[in-house]
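Structure, as structure tokens:
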Amino acid sequence: MVRCGCAWWRQYGNFIDNVRLFTKGGSGGMGYPRLGGEGGRGGDVWVVAHKNMTLKQLKNKYPQKRFVAGVGANSRVSALKGSKGKDCEIPVPVGISITDENGKVIGELNKEEDRILVAKGGLGGKLHTNFLPLKGQKQVIHLDLKVIADVGLVGFPNAGKSSLLSRVSHAKPVIADYAFTTLRPELGKIMYSDFKQISVADLPGLIEGAHMNKGMGHKFLKHLERTRQLLFVVDISGFQLSSVTPYRTAFETIILLTKELELYKEELQTKPALLAVNKMDLPDAQVKLDELMKQLQHPADFLHLFEKSMLPEKAVKFQHIIPISAVTGEGIEELKSCVRKSLDEQDSKDNDAYHRKQLLNLQISSAAS
Ligand SMILES: Nc1nc2c(ncn2[C@@H]2O[C@H](COP(=O)(O)OP(=O)(O)OP(=O)(O)O)[C@@H](O)[C@H]2O)c(=O)[nH]1
Ligand SMILES: [Mg+2]
């Protein structure tokens, strides 16, 4: 995080997913005691969604991050009822959730021109306030992008998530032969020949106990919540954090990752998931892959090998399983097309669900009238 003025911006390279802003409604105008005149109400502060806006543009356009609405006009002889102060509008991208200082949700902006009132203007002075105006409401708000990427990479450390991101996009994440190389999310875009783009978030490696905040823990899992699909990346030769922790096979890492997601939030398991089996260039990889496929096809036959506490309630159903090598490029084109296919399917399901809901609303309202 970088501190900048009075607000915090969480920044991934050039990308911002969260901002904190100060907002204040305008004060009311003075009343006119002698003639019983009423001051104008202060302006309100609104957050308004715009299609082409980004949080980065918001930051650049309003570096002071303060949004104060106009003061209501004083009551005068020529205008006994003072006019209302000017409203202030904060332009934000579509797909934002707004919370207050205490983390309470104020609302969500899900489509173009959605708007939410975040700070109300104060009332103008009138008889019962002794003609003195009230101040506007002050509110510090947090704006969070609901979705940071289409696809989030999930895997144990060292599985090759960053290597994969650098293979499929122009992103240049740090890659190294030790655990926890990636400490904060990095975004990249897969570009397709028909100009379609899919964003991918490379995330810090996950270890057993992440749901209890071990390793990068919650911070990492929170980012996963904000991706549309999950791409599990596992090392075909398995994983061992250190000489004092147990060695895990590729199948075990998948079971353990699933368990961690479930323990953190069951909803994470409802996201469509794909599996990339990485490092297929290593010796014996094919034999291990055959074994892994057997285990994934008949997990029940192998679950007795696990302690009960390690087993997830539900196994993840992968839409596609793709063997790859982030180093040689094997399987990468197939992976890219599977990712796209899976997202396209999700889009059409979301669209269908949206249309069904619209239809239902229509039926309910016509039945009511
Ligand atoms: N042989 C082989 N090595 C690979 C492959 N992909 C990645 N590696 C190596 O595995 C190591 C870890 O790669 P990273 O891409 O940093 O792994 P990561 O999953 O991002 O790791 P964390 O950021 O620590 O979670 C590096 O030494 C890579 O060169 C692969 O397909 N084959
Ligand atoms: Mg990494």
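Sequence positions, counted from 1, serve as the residue numbers for this chain. What you see is a predicted model; the values in this text were computed from it and never measured. Order of listing sets the numbers, starting from 1, for every ligand and every atom in it.
- Closest to atom 25 (O) of ligand 1, if we only count protein heavy atoms, is Lys161 NZ, 2.9 Å.
- Between atom 12 (C) of ligand 1 and the options Val174, Asn158, Ile236, Leu153, the minimum heavy-atom separation is to Asn158.
- Residue contact check for ligand 1: Gly155 places no non-hydrogen atom closer than 4.0 Å to it.
- Of the heavy atoms in Ile324, none comes closer than 4.0 Å to ligand 1.
- The shortest N or O to N or O distance between Gly160 and ligand 1 is under 3.5 Å.
- On a distance-only criterion, Met280 and ligand 1 share no N/O pair closer than 3.5 Å.
- None of Arg248, Lys279, Lys161 except one satisfies the salt bridge (Lys or Arg N to Asp or Glu O under 4.0 Å) rule with Asp235; the exception is Lys279.
- Between Gly205 and ligand 1, a contact under 3.5 Å exists for at least one N or O pair.
- Here's the thing with Asp202: none of its N/O atoms is less than 3.5 angstrom from an N/O atom of ligand 1.
- Among the atoms of Ser162, an N, O or S atom falls under 2.8 Å of the Mg ion (ligand 2).
- Judged by distance alone, with hydrogens and angles left aside, the side-chain atoms of Lys259 form a donor-acceptor pair with the main-chain N or O of Leu311 at under 3.5 Å.
- Closest protein heavy atom to atom 8 (N) of ligand 1: Lys279 CE, 3.6 Å.
- Asp281 and Thr328 share no donor-acceptor pair across their side chains, judged by distance under 3.5 Å alone.
- Side-chain contact check for Ser162 and Asp202: at least one donor-acceptor pair (N or O, by modelled atom type) lies under 3.5 Å.
- Ligand 1 places these atoms under 4.0 Å from at least one heavy atom of Leu282: 1 (N).
- Residue nearest to atom 16 (O) of ligand 1, selected from Ser163, Pro283, Ala176: Ala176 (by heavy-atom distance).
- Ring centroid separation for the pair Phe67 and Phe22 does not come in under the 6.0 Å cut-off.
- Closest heavy-atom approach to atom 3 (N) of ligand 1 within the set Asn278, Val327, Val233, Asp177: this belongs to Val327.
- Between His142 and Glu101, the side chains place a donor N or O and an acceptor N or O closer than 3.5 Å (distance only, hydrogens not considered).
- Heavy-atom proximity to Asp281, at under 4.0 Å, picks out these atoms of ligand 1: 1 (N), 2 (C), 30 (C), 31 (O), 32 (N).
- Around atom CD of Glu313, no more than 12 heavy atoms belonging to other residues, nucleotides or ligands sit under 6.0 Å away.
- Taking all heavy atoms of Val277, Leu164, Ile175, Leu203 into account, the minimum distance to atom 28 (C) of ligand 1 is reached by Ile175.
- Remark: Arg340 qualifies as a cation-pi partner of Tyr192 under the 6.0 Å distance and 45° angle criteria applied to the six-membered ring.
- Between Glu225 and Tyr264, the side chains place a donor N or O and an acceptor N or O closer than 3.5 Å (distance only, hydrogens not considered).
- Using a distance-only test at 3.5 Å, with no hydrogens or angles considered, no donor-acceptor pair links the side chain of Ser342 to the main chain of Val339.
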